[in-house]
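Along the sequence shown, residues carry numbers from 1.
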Amino acid sequence: MKDGQLMIINQKETRAVLNMETAVECVERVLKEHAEGLSRNPVKVHLPFRPEIEGYMNSMPAYMPKYDLMGAKLVTCHKYNPTEYGYPNTMGIIILEHPKTGLPFAIVDGTYVTEIRTGAAAGVAAKYCAKKGAHVALQVGAGAQGTMAARAVLTAVPAVDEMRVADISEANLEKFEKAIKADFPNVKVVPYTNYLDAIAGSEIVAFATNAPKALSRDVKEFDKGTVVLFVAENVDDSDLRRFDVRVADFPKCYAVRINEELEAKFKATGAPYATILEETFDTTIGDLAAGTGVGRTSDDQTVVVGMCGMGIEDLGVAKIVYDRVTANGGGVVVDFQDI
């Protein structure tokens with residue numbers, strides 16, 4: 001491409017060149033490199049639309065000198081999109097730019113990238129935080145994000161041979177089982193309509209729902225050695241501190257973002273909450289991947305992982321998409337700037 005031209009890569013092309021194995025490898029690598037000081041990732045900028053609209057936009061910039069890459073993801077989340085418009089809850093775009101000049105060179109679909117990299121992060125977290133020999137997982141929430149998280153856990157922790165899944169929707173359960181069996185035919189899928197019935201014996205538990213309350217609070221006790229992944233769960237500081245070891249992808253951002261949601265809920269409903277503190281977390285996923293963090297030290301410890309997502313994950317995955325689509329001769333190139 002010439003300077004000033006921009007490649008647009010749509011969702012269909014993004015899906016075609018991206019699989020879970022690639023996403024898990026990329027997310028693990030960029031989190032490790034961030035822990036080693038090789039990238040910059042500020043706290044995301046959050047713009048809520050309440051009370052007029054039940055939704056928000058996040059801006060997630062990052063700078064990755066190792067890959068001569070910078071850019072940002074703009075992503076929106078609208079609670080009622082699926083029921084009112086038939087659209088996904090979450091949609092976005094990713095802008096890739098040259099750091100030396102700031103010149104943009106690609107716009108990549110951010111909807112599928114967000115979906116798969118969020119799942120991938122859960123897989124990486126499970127890899128570094130599950131106890132030795134863990135082979136029974138539970139996915140609470142069988143929607144699109146829950147399915148992605150389950151696929152990632154099975155990819156990153158191949159020892160898992162039983163995937164339990166809980167959802168109030170029978171249709172979601174059937175769709176989930178079909179999707180998992182297509183990719184992992186040897187994994188036993190066990191459906192539940194009540195997640196509390198599936199907790200005992202589950203060694204890796206992932207929560208990914210849009211429930212108005214923290215479902216994990218109704219679990220009186222997790223088994224010793226369980227790792228709990230909060231992919232999407234409305235928790236506060238007290239929910240995190242019930243675990244022996246507490247891990248996050250980006251502690252500062254997690255605290256800021258979740259506290260914003262808790263405060264919004266308090267203003268709307270008066271529901272009290274315990275403010276999440278950055279120091280609540282013992283280490284990060286990246287530090288564990290880099291070998292510089294201390295996480296689980298015993299198979300009896302319970303571990304929780306809070307995930308808010310990072311721009312480096314989006315840019316890393318989007319750059320892979322760009323490289324592969326470019327190699328295939330795909331994408332749509334437009335004259336964008338007068339250079």
Look at the side chain of [X] and the backbone N and O of [Y], then say whether any donor-acceptor pair between them is shorter than 3.5 Å.
X: Asn89; Y: Cys77; result: no
X: Asp167; Y: Gly141; result: no
X: Ser169; Y: Asn172; result: yes
X: Glu203; Y: Val136; result: yes
X: Gln145; Y: Ala232; result: no
X: Lys127; Y: Ala122; result: no
X: Arg296; Y: Gln301; result: yes
X: Thr302; Y: Asp244; result: yes
X: Asp300; Y: Gly225; result: no

Atom pair [atom1] ([X]) and [atom2] ([Y]), whose distance is rounded to the nearest 0.5 Å:
X: Asp239; Y: Ile276; atom1: CG; atom2: CD1; value: 8.0 Å
X: Asp282; Y: Leu288; atom1: CG; atom2: CG; value: 10.0 Å
X: Glu313; Y: Leu31; atom1: CD; atom2: CG; value: 5.0 Å
X: Phe336; Y: Ile8; atom1: CZ; atom2: CD1; value: 8.5 Å
X: Phe49; Y: Thr76; atom1: CZ; atom2: OG1; value: 7.0 Å
X: Gln11; Y: Glu115; atom1: CD; atom2: CD; value: 7.5 Å

Find out whether [X] and [Y] are in side-chain contact, i.e. whether some heavy atom of one side chain is under 4.5 Å from a heavy atom of the other.
X: Arg241; Y: Leu277; value: yes
X: Val294; Y: Thr283; value: no
X: Glu233; Y: Val228; value: no
X: Pro212; Y: Asn234; value: no
X: Met60; Y: Val75; value: yes
X: Cys308; Y: Asp249; value: yes
X: Thr118; Y: Met307; value: no
X: Thr193; Y: Leu173; value: yes

### Query
side-chain contact (heavy atoms from CB on, under 4.5 Å) between Val165 and Glu177: does it pass, once the steps are laid out?
CA-CA 8 Å; Val165 56; Glu177 183 170 6; over 6 Å; no

### Message
Filter on side chain to side chain donor-acceptor pair (under 3.5 Å), then keep only pairs touching residues 130-143, sequence neighbours left out; what's left?
### Response
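Non-adjacent pairs meeting side chain to side chain donor-acceptor pair (under 3.5 Å): His135-Asp161.
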
Heavy-atom pair with the smallest gap, counting every atom of [X] and [Y]:
X: Tyr322; Y: Met1; answer: OH-CE, 3.7 Å
X: Arg50; Y: Glu54; answer: NE-OE2, 3.0 Å
X: Arg164; Y: Ser202; answer: NH1-OG, 3.2 Å
X: Gly331; Y: Val325; answer: N-CG1, 3.4 Å
X: Ala208; Y: Val231; answer: CB-CB, 4.0 Å
X: Ile95; Y: Pro104; answer: CG2-CB, 4.3 Å

### Task
Return yes if a side-chain donor-acceptor contact under 3.5 Å exists between Thr326 and Asp323, otherwise no.
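No, no side-chain donor-acceptor pair sits under 3.5 Å.
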
### Side-chain donor-acceptor contact under 3.5 Å, Thr284 with Asp287
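Thr284 vs Asp287: donor-acceptor pair found between side chains.
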
Side chains of residues 147-159: which donor-acceptor pairs under 3.5 Å do they make with residues two or more places apart or in other chains?
unit_1	atom_1	unit_2	atom_2	d
Thr147	OG1	Gly143	O	2.8
Arg151	NE	Asp183	OD2	3.2
Thr155	OG1	Arg151	O	2.8

Near [X] [atom1], under 6.0 Å, is it more than 12 heavy atoms from other residues, nucleotides or ligands?
X: Glu84; atom1: CD; result: yes
X: Lys181; atom1: NZ; result: yes
X: Lys265; atom1: NZ; result: yes

#### Entry: Asn328 vs Glu13, side-chain contact (heavy atoms from CB on, under 4.5 Å): CA-CA, chis, key distance, verdict
CA-CA 10 Å; Asn328 294 339; Glu13 287 183 302; over 6 Å; no

Do [X] and [Y] share a hydrophobic cluster (ILVMFWY, side-chain heavy atoms under 4.5 Å, transitive)?
X: Val140; Y: Val219; result: yes
X: Phe105; Y: Val333; result: yes
X: Val187; Y: Met20; result: yes
X: Leu96; Y: Met310; result: yes
X: Val317; Y: Val24; result: yes

### Message
Can you list everything that forms a side chain to side chain contact (heavy atoms under 4.5 Å, CB included) with Ile168? Sequence neighbours excluded, please.
### Response
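By the side chain to side chain contact (heavy atoms under 4.5 Å, CB included) rule, Ile168 matches no residue at all.
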
### Residues forming a ring pair (Phe, Tyr, Trp, His ring centres under 6.0 Å) with Tyr254, sequence neighbours excluded
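If we apply the ring pair (Phe, Tyr, Trp, His ring centres under 6.0 Å) test to Tyr254, skipping adjacent residues, the hits are Phe281.
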
### Task
Go through the structure and list residues passing ring pair (Phe, Tyr, Trp, His ring centres under 6.0 Å) with Phe222, not counting sequence neighbours.
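Phe222: ring pair (Phe, Tyr, Trp, His ring centres under 6.0 Å) contacts with Phe243.
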
Are [X] and [Y] within salt-bridge range, i.e. N to O under 4.0 Å?
X: Asp236; Y: Arg217; value: yes
X: Arg15; Y: Asp109; value: no
X: Glu261; Y: Arg257; value: yes

### Task
Give me the ring orientation class for Tyr273 and Phe266: parallel if the planes are under 30° apart, tilted from 30 to 60°, perpendicular past 60°.
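Tyr273 vs Phe266 ring planes: perpendicular.
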
Per-pair distances, 0.1 Å, donor-acceptor, side chain in residues 34-41, under 3.5 Å, sequence neighbours excluded:
unit_1	atom_1	unit_2	atom_2	d
His34	ND1	Ser39	O	3.4
His34	ND1	Ser39	OG	3.0
Glu36	OE2	Lys32	NZ	2.8
Asn41	OD1	Gly311	N	2.9
Asn41	OD1	Ile312	N	2.9

#### Entry: From CA spacing to verdict: side-chain contact (heavy atoms from CB on, under 4.5 Å), Lys267, Glu263
CA-CA 6 Å; Lys267 289 180 178 178; Glu263 179 63 16; 3.3 Å; yes

### Query
So Glu260 and Val256, side-chain contact (heavy atoms from CB on, under 4.5 Å) or not? Walk me through it.
CA-CA 6 Å; Glu260 287 173 335; Val256 169; 3.9 Å; yes

